[in-house]
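This one's a predicted model, so the numbers in the text were calculated from it and none came from an experiment. Convention: sequence-line order gives letters A, B, ...; per-chain numbering from 1.
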Protein chains: 2
Amino acid sequence: MDPHLLRTYVTVARLASFSEAARELGYTQSAVSQHIAALEQDLGAPLLTRRPVAPTAAGERLLEHAGPLLLRLDAARADVVRMAAAPAHGLTLATTPTALGPGVLGALPAAGVTLRVLTRDEIPAAVATGTADLGLVDGLAAPSDPLRLPDVAPLTTHGVAEEPVSVLLPTGHPLAGRTGLRLGDLADARWLDAPDAALPLAHLRGANGGGAFRPALRYEGTDLRTLTALTAAGHGLTLLPRSTATGIPGTVAVALTAPRVVHRTELLHGGAPRGAAAEVVRQLVERA
Amino acid sequence: MDPHLLRTYVTVARLASFSEAARELGYTQSAVSQHIAALEQDLGAPLLTRRPVAPTAAGERLLEHAGPLLLRLDAARADVVRMAAAPAHGLTLATTPTALGPGVLGALPAAGVTLRVLTRDEIPAAVATGTADLGLVDGLAAPSDPLRLPDVAPLTTHGVAEEPVSVLLPTGHPLAGRTGLRLGDLADARWLDAPDAALPLAHLRGANGGGAFRPALRYEGTDLRTLTALTAAGHGLTLLPRSTATGIPGTVAVALTAPRVVHRTELLHGGAPRGAAAEVVRQLVERA
DNA sequence: CCACTCCATCAGCACTGCTTATCGAGCATG
DNA sequence: CATGCTCGATAAGCAGTGCTGATGGAGTGG
C-alpha cells in the first residue's frame, strides 16, 4: 500500500476519471491505470467500477481511510521538517470565528501575524501539516473538561479560556426578556445549524437527552456577521460564547443555564513551537 | 516517506541497532543503512545518532507519528480486505476485563467464539486491524455521553450498556458501611492505579476539580481477581462497575454518587460486520 | 457507420532498491 | 601499543519495479 498509489486512487475517485487524474498528477493515463491495478491486486478486491468510474463498496471503505492516512503522513513529514528548519519569522494562527477572544488578541505580536479563519475540523489538520503554526479551537464542554478533537496527529493542547454560553435571540422573541434559559425551554425553538460559524448543536446531543433539534436553516461558512443577521431576521436561534453574543444589533443574548456547559477554547500546536509562536504559547498558557 | 522506510526506522530505533533491525526485517545491514539514509535525506534532518544508535529530537518526533501511522495503514488494508474475503466462520471478541457484562455474554453464539482480554488502547487497534471482529470498551462518562476513544480508524460504535459505578473497599474500611460515597469523601484515600483492569482514575480528572489522586500502587495487567485481592488486602481502593464489584470476598462495594458518572460500555466494529459478528451486533444494538 | 473518448495492455527503458563486498571507526584484549 | 572484533558507511553490480509511448477494444454520440 504505497501512499503514491493511495493518492492516485483518491484523485481518480474524486475526478471519476483515470485520464483526468493522470493530468492532475502529472502521470500518463497508463501509469494511473497501472496504479489502480496494483492496488486492486494488492488488496485482492476491485476498488473501482469502470465506465462509469465509481468506487465499489470496498473502494468506499478505502476512501474513508485514505484521507486521514494521507493527512497523517503529511503531518509527520511537516512535523519533522519543522524541527530542522529555521524558525519562520512570521506567525500563522488558524482559528474558528468564535474562538478569538480579546485575551488571545492581546498576546499576539504587533506585526508579522497571519490570521486564518477555518472550520473546526480544518484547524487540527492545518496545525499538523504546518499550514498554521498555532490553532485555536472552541466548542461546548462540561466545565474544565477538554474538548473532543479529532486526533490527526500528536498535537499539544492547552485550555486558554472558558466562558458562559449565550443563546442569541431576535429582539422580539417571546423569550428575549428572560435572564436565563434552560435548554428544555428551547426544545421547540427553531435553530440555525451553523457548525462552522457558531457553536455546533451536535455537541449538546448527549446533554439533551436524545431529543433532536429542529434545524431551521443550515448555514455553511465562517462569517459570523451574516449569521447573526440571520437570527436577527428571525430565521432561528444561535448558540454563541457570551462575549461575542453581546451587543449585536437586533438581537438579545440570554445566558444558557442548563445544561451546565461552558464555551471552552483551546490552543493547539505541534511538537516544538519556535520563534514567535513559542512566545505566544508561553504567554497564553501562563495566563491560564 | 515510504512506509517501508518508516517501518525499518522504528525497528532500528526500538532495537538501537542497524544490524539487529536488518536481521529482524530480513534485510541486509546495508539495506537498512540505505533506508535510514534515504529517510534522513528525504526529511532533510538527521534522525538517529550512530554509536550509540539513538533517535535525535527530530527522530523522537517521527517515532510519535510512526506508530499511529503504520497502525492506520494496517487498519485500512485489513478493512478493505475484510470486505472481499469470505466471512470467517469463527468470531473473535476483544474486550476489557470490566466490559463483559452478563447481557453481552447472552448475545454470543454457543460455539466458535474466541475471547481476547486486552488493554483499553489495544482494543480499537485490534478491531481496526482485524485481529478481532468486535470490540468491547468501557469507561466512565457522563450519562448518555459517548466514550472518548482514540480514533485509529473509522470504526462504528454503539453504546450497549450503562450502569452505576461502585467503589470497592476492604471490609474493615471506615467508609465500608456507607450506602453511597461522594468522590470528595475519598480525596485522601489510597487508590490502586490499574488503568487496564479497573476503571482508570484519569477519567475523573476533569470531574475531580483538579485535585490529583494519590495512587498507592500501580497495577499493570488485566486480571481482575488479583486486583480485587489487592484491595481486599488493603492496598488501595478500586473503581468498578457495580455488577462486577458486588460479591467479591473480603470487600464491600459502595455506590459512587458524585460526580454523576456511569460505567458505559460500547461495542466497536469495522465497516461491515459479517457472519456471526453481524448477528451479535444486531442483537446487542437492538436491545439498547 | 464512423469518429471519438476512455480504459486496458504491451513493449521498452531508466532507475530504484536490493545484495555482496569492502572500508573505516570505535572498543576491548593481550 | 598492536590486534582482532563489531558495527555502520560506502561502492559496485544486478534484478525487478515503475514509468512512458504505442496499440487495442469497448462504449457513445453524431
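For Q34(A) against dT17(D), a side-chain-to-base donor-acceptor contact under 3.5 Å is absent.
Of the listed nucleotides (dT10(D), dG21(D), dC18(C)), dG21(D) has the atom at the smallest distance from the side chain of S30(A).
Remark: T96(A) pairs with D138(A) by the side chain to side chain donor-acceptor pair (under 3.5 Å) rule, at least two apart or across chains.
Between the C1' atom of dG8(D) and the OH atom of Y27(B) lies a distance of 18 Å, rounded to the nearest Å. Note: CD1 (I36(B)) to P (dC7(D)) measures 17 Å, nearest angstrom. Protein atom CD of Q41(A) is 12 Å distant from nucleotide atom P of dG18(D), rounded to whole Å. L5(A) places its CG atom 10 Å from the C1' atom of dG18(D), with the value rounded to the nearest Å. Residue L48(B) contributes atom CG, which lies 14 Å from atom C1' of dC7(D) at whole-angstrom precision.
If you check the side chains of E60(B) and T56(B), you find no donor sitting under 3.5 Å from an acceptor.
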Might you list the N or O atoms of the protein lying below 3.5 Å from N or O atoms in nucleotides 5-7 of chain C, with each pair's distance?
from, atom 1, to, atom 2, distance (Å)
dC7(C), OP1, F18(A), N, 3.1
dC7(C), OP2, F18(A), N, 3.4
dC7(C), OP2, S19(A), N, 3.0
dC7(C), OP2, S19(A), OG, 2.5

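A side-chain contact (heavy atoms from CB on, under 4.5 Å) with E20(A) is found for exactly one of L25(A), L15(A), V53(A), V32(A), namely L15(A). None of D196(A), L224(A), L136(A) except one satisfies the side-chain contact (heavy atoms from CB on, under 4.5 Å) rule with T98(A); the exception is L224(A).
Remark: H4(B) is not in phosphate contact with dG17(C), judged by side-chain N or O atoms under 4.0 Å from OP1 or OP2.
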Practice task
Could you check T129(B) against R77(B) for side chain to side chain contact (heavy atoms under 4.5 Å, CB included), going step by step and ending with a plain yes or no?
Solution key: CA-CA 8 Å; T129(B) 58; R77(B) 136 166 278 109; over 6 Å; no
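Note: H269(A) NE2 to D133(A) CG = 11.5 Å, rounded to the nearest 0.5 Å.
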